[in-house]
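Contents: one structure, followed by commentary.
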Amino acid sequence: MAYALPDLPYDYSALEPHISKTTLEFHHDKHHNKYVNTYNELVKEAGMDDKSIEEVIKAIAGDSSQQKLFNNAAQAWNHTFFWNSLKPGGGGEPSGEVGDKIKADFGSFDKFKEEFSTAASTQFGSGWAWLVLDGGSLKVVKTPNAVNPLVDGQTPLLTLDVWEHAYYLDYQNARAKFIETFLSSLANWDFVKENMAKA
Ligand code: MN3
């Protein structure tokens with residue numbers, strides 16, 4: 001099925017000063033848009049356009065002959081998930097069932113933050129850091145390039161894009177500062193709660 005580029009779930013300037021309007025314009029209108037357009041061309045050529053994008057991602061993961069289709073499918077999907085992982089006035093320690101689950105599975109919110117920060121900062125080169133549900137437990141994982149946790153049968157709950165295009169205009173090479181800002185001011189715990197409820 002053709003995949004539509006979603007609008008951002010907030011205004012382009014809504015995440016300032018943490019993520020600038022310019023970054024979101026490039027990241028959404030140029031990068032994400034290109035992944036979506038390329039995916040829509042390639043999925044048709046591959047004769048797989050009767051499938052949902054999630055089905056395509058799972059079906060061709062690890063198939064080196066379909067690497068370009070996989071990369072564009074996963075990047076199209078990952079970015080939509082990333083926009084929803086951010087919200088104005090987000091971040092900080094979540095309360096309620098999400099906060100309780102984090103404490104139960106990581107020991108404390110600080111332990112979770114430490115694991116997530118380590119995953120995001122040690123992903124060498126381009127990739128993603130994720131909070132996932134794996135067999136009922138919360139876990140932090142990192143993935144290279146376009147890969148996402150769907151290919152390992154995990155349920156993504158929250159993600160941070162650590163490709164340089166996600167932060168370079170606002171943070172230059174200071175990835176650690178971008179990660180810290182995501183956790184303190186942007187992470188969308190409502191989205192995590194929705195994803196936990198659907199899992
Ligand atoms: Mn990106």
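Hydrogens, waters and symmetry mates are skipped; everything else that's a heavy atom, side chains included, is used. Just so you know, ligand 1 is whichever comes first in the structure, and atom 1 is the first atom listed for that ligand.
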- Can W128 and Q75 be counted as having a side-chain donor-acceptor contact under 3.5 angstrom? yes
- Under 3.5 Å, is there a donor-acceptor pair linking the side chains of D29 and Y12? yes
- Indicate if the distance from the Mn ion (ligand 1) to the nearest N, O or S atom of H27 falls below 2.8 Å. yes
- Is there an N/O/S atom in H79 that lies less than 2.8 Å from the Mn ion (ligand 1)? yes
- Message: Just by distance, no angles: are the side chains of D7 and H28 close enough, under 3.5 Å, to form a donor-acceptor pair?
- Response: no
- Query: What N, O or S atom of D161 is found closest to the Mn ion (ligand 1)?
  - Reply: OD2
- Side-chain donor-acceptor pair under 3.5 Å between W83 and H32, yes or no? yes
